Amino acid sequence: MYAIIAHGGAGKVREKDPKEVENGMKKAVEAGLEVLKNGGRALDAVEATVNVLEDDPLFNAGTGSVLTFDGEVEMDAAIAYGPNLDFGAVAGVKNIRHPISLAKKVMEKTDHVLLAGNGANDFAKLMGFEYHDPITQKRKEQWEKYRKQFINGDYKDWPKLRKLFQEHPEFLHGTVGAVAVDSHGECAAATSTGGVFLKLLGRVGDTPIPGAGTYATPFGAASSTGLGEGMMRVLITKVAADFLGMGLDAPHAAEAVLNYLNNTVGTEAGIIIVDRHGEVGMAHNTPDMPHAYFKEGMSEIKVAMR
Ligand code: GLY
């Protein structure tokens with residue numbers, strides 16, 4: 001029984017965007033579904049879904065990624081393949097169109113799990129990835145506005161940043177991810193992000209860290225979104241995968257792991273989960289988390305904002 005669920009980031013969707021966000025989510029799940037329907041692998045399905053979201057400037061991944069404090073884009077991405085606990089990731093990668101596909105190359109073509117910074121960019125060139133500028137005019141304007149607000153707010157260190165995200169969850173809106181199980185019962189997860197607005201150069205979030213933003217085991221797969229500094233400490237997708245291993249289904253694992261996060265670090269977060277039996281689950285503590293899913297037997301893709 002195959003199934004796929006994708007998210008477009010935990011946070012708050014701006015009022016004028018919902019229809020476009022819904023369309024973007026649906027298009028992305030359609031791409032993954034095309035792979036699964038034809039007997040393809042969950043690994044290729046989650047890559048196809050995330051590629052569509054990376055190309056959509058509404059989402060904070062690939063084109064449309066948010067800018068660092070210095071006005072640059074540094075992207076993180078990871079892909080995980082459940083049957084062997086395989087994992088490939090990139091951190092702080094610049095000027096490519098599809099960071100998730102580079103993460104897949106790390107998994108398939110190297111003996112490493114995570115490549116960062118200049119090394120990741122050199123590897124992209126070696127793999128034939130072409131130069132692509134992911135900065136959009138809209139993100140530049142937002143960056144200028146937020147940066148001004150931030151500076152006027154006497155920014156000193158990260159607790160201030162965290163408070164800012166709590167007061168303005170729309171800052172977090174971003175990160176994309178997909179998890180799927182295919183007709184062979186294999187599970188995979190993929191997550192891609194520009195990180196968080198105004199992050200310091202070199203900051204790496206949860207997305208490319210195994211068990212933090214992305215994880216897959218023989219029991220299921222999970223992808224998270226929200227403030228990475230919390231999820232890296234909770235290892236939210238690893239905890240979710242362990243809950244699946246203990247026998248919870250995806251909806252209950254999602255609820256349980258979000259409770260765990262709320263009772264520990266308490267940062268803004270969201271998660272999507274698939275289990276090997278074809279159930280999907282999702283949970284978030286932010287106002288919105290656009291997501292879309294399809295389970296074998298459904299007549300159409302279901303899209304929701306929260
Ligand atoms: N969850 C995305 C990040 O914190 O980078």
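Source: prediction; values computed, not measured. As the structure lists them, so they are numbered: ligands from 1, and atoms in each ligand from 1.
- Ion pair Arg97/Glu130 not flagged as a salt bridge, since none of the NZ, NE, NH1 or NH2 atoms sits closer than 4.0 Å to an Asp/Glu carboxylate oxygen.
- For ligand 1, the atoms closer than 4.0 angstrom to any heavy atom of Thr175 are 1 (N), 2 (C).
- Electrostatic pairing of Glu229 and Arg233 does not count as a salt bridge here, judged by no charged N lying under 4.0 Å from a carboxylate O.
- Atom CD of Glu255 sits in a sparse spot, with 12 or fewer heavy atoms from other residues, nucleotides or ligands closer than 6.0 Å.
- Atoms of ligand 1 lying under 4.0 Å from any heavy atom of Gly205, numbered from 1 in the order shown and given with element: 5 (O).
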Thr225 and His284: side-chain hydrogen bond (donor to acceptor under 3.5 Å, both in side chains), yes or no, with the steps? CA-CA 9 Å; Thr225 162; His284 59 102; over 6 Å; no

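- Looking from atom 5 (O) of ligand 1 to the surrounding protein, the closest heavy atom is Arg203 NH1, 2.7 Å.
- Here the side chains of Thr63 and Thr136 are in contact, with some heavy-atom distance below 4.5 Å.
- Distance from atom 3 (C) of ligand 1 to its nearest protein heavy atom, with residue and atom name: Asp206 OD1, 3.3 Å.
- Heavy-atom distances between Gly226 and ligand 1 reach below 4.0 Å in at least one pair.
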